[in-house]
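Just below is one structure, and these are the notes that go with it.
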Amino acid sequence: MAMAGKQISRWIGWVFFSDIINGLSLTLSYMFSKTVTEHYPDNEKWVPFERYRGHHFLNTDENGEVKCVGCELCAKICPCDCMEVVPYEDENGNRRPLVFNIDMARCLFCGLCEDACPADAIKLGQHYEFSSENSEALVVGRDALIASPRKAEQGGKVVKAKLTTSNGAPISEQTEDEGYDWWRNIRRS
Amino acid sequence: MVEIFVVLVMLLKLAVLVAVLLMLPIPLTWLERKIAAHIQQRPGPMRVGWHGLLQPLADGIKLLSKEDHIPDAADRFLFTLAPIITLVATLTVFVAIPFGETITVYGTEITLYLTDMNVAVMYVLAIAGIDVFGVIIGGWASNSKYAVLGALRTCAQLISYEIPMGFAVVGVVMLAQSMSLVAIVEAQSELWNIVYQPLGFVVFFIAGLAEAQRIPFDLPEAEGDLGAGYHTEYSGMRFSFFMIGEYLVLILLAALNVVLFFGGWNPLFLPLPPLIWFLLKVAFFVWLFMWFRFTFPRYRYDQLMTIGWKVLLPLSLANILISGVILS
């Protein structure tokens, strides 16, 4: 009897399009829910986590002097041979890099240079917008590496940003420090 | 003198109608993309203009500037003719659609429809049937496998669904005792036909979806198996003619649903002007069609035929029988 009742109610539901209405109500609820899209690069931008491996930078000590001792260990461990380090002796008698070039077009961002560095000098930072139309512009020198952004201190968030250009290439510039966790938008049932 | 004035008013109405109808696909493509996006929790077009409002214009400029390509093996004359047939046939149907009652401008009464034909229902169904020719000719003239298959499917689908569609309207005609769309709307001033003809409405709505080749009945353009169906070989403005034609059929079906089952320009609660009420109802149906599109998957071909011949046709015949028994 219960089985027959179930069967009958299924037939009634079929006649009144119950499953179609279920589907429609689901899509309707999605139609008026918040979108999850991150508005990159116009309005929003993702600040990566601290562990993120982006554009390299060279650490400096408290006097502003570069920490690198020019040992070339990073260049030796580099699996794609994209680094070129030429050491010299500065006025204090310290070994420092005269040339420190990284070819970003060849780098695979494995982070082995970071591991190999005995002086805690080379790191991979948070910067990830450095596309270019010619590969020569992707060879980054010593001073540019010192100036490039450090690791994110409070990463893993979406912040407000605006679209600008830097050296002719479009980038999204962060305008506010406060951000939100993107995953909060994801609906879980 | 008076005759000339009447003709002038007629021409003016015609010009306004055609202009509005040809412009309507512009906001509708935007609306369709927005609805699709929001159902999928995306924002949709955002970058051209405020919330992407100018996106259709950008797309239009792109289509205009594209190469107008005619394949070597195609029949040039028919290939050129097909999009025009589709567009013209669809535009011609709107002549019979009543958009509202009469309005008075400077002491003259102007009707908000072009003609009040006494066989408007027949006319609408017949002329709407002509746009099948555009599709078949287009698919055949392209001389491409995908286009021919798409055209054949369209042909079979449209012909199968015209029958239940026509029968579903019979119930409405029996109630109004007239085939004039104006008379049908006037007959609904008390209570809308949806109350008397729920079954007829369901059949008409589903058959209408199939006639407009919308999901879940968009087999003619099933991207997965046919490229793009009958307009695979079309590019540039010719393609956009087909697109405009498709949107016009969408508007037409929304308008027909409103006129036949939802009381045309008759107000529901608010005493808004009749034309506004009509447009609101049509907008609701257009939205409903788009909502359907992004909710349901596509039917298989045999399912399509089963629904048409084994479900909708008997239902529409039963509807006529029931209406006849109750009315007599």
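All values below were derived from every heavy atom in this structure, side-chain atoms included, with hydrogens, water molecules and symmetry-related copies excluded. Just so it is clear: chains get the letters A, B, ... in the order the sequence lines come, proteins before strands, and each one is counted from 1. Source: prediction; values computed, not measured.
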[atom1] of [X] to [atom2] of [Y]: how many Å apart, nearest 0.5 Å?
| X | Y | atom1 | atom2 | value |
| --- | --- | --- | --- | --- |
| B:Arg293 | A:Thr27 | CZ | OG1 | 14.0 Å |
| A:Met31 | B:Gln40 | CE | CD | 11.0 Å |
| A:Phe32 | B:His38 | CZ | NE2 | 9.5 Å |
| B:Ile39 | A:Leu24 | CD1 | CG | 9.0 Å |

Please check if the number of heavy atoms outside [X] that lie under 6.0 Å from its [atom1] is greater than 12.
| X | atom1 | result |
| --- | --- | --- |
| B:Met305 | CE | yes |
| A:Asp19 | CG | yes |
| A:Glu65 | CD | yes |
| A:Glu50 | CD | no |
| A:Lys160 | NZ | no |
| A:Arg10 | CZ | no |

Item to complete: Measure distances from B:Phe294 to the heavy atoms of chain A and classify the residue's part below 4.5 Å as side chain, backbone, both or neither.
Response: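 B:Phe294 touches chain A through backbone heavy atoms alone.
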Item to complete: Might you point out which heavy atoms bring B:Pro43 and A:Thr37 nearest each other, and give the distance in Å?
Response: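 Minimum heavy-atom separation between B:Pro43 and A:Thr37: CD-OG1, 2.7 Å.
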Item to complete: Report yes if the side chains of B:Arg47 and A:Leu163 come closer than 4.5 Å at any heavy-atom pair, otherwise no.
Response: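 Yes, side chains in contact.
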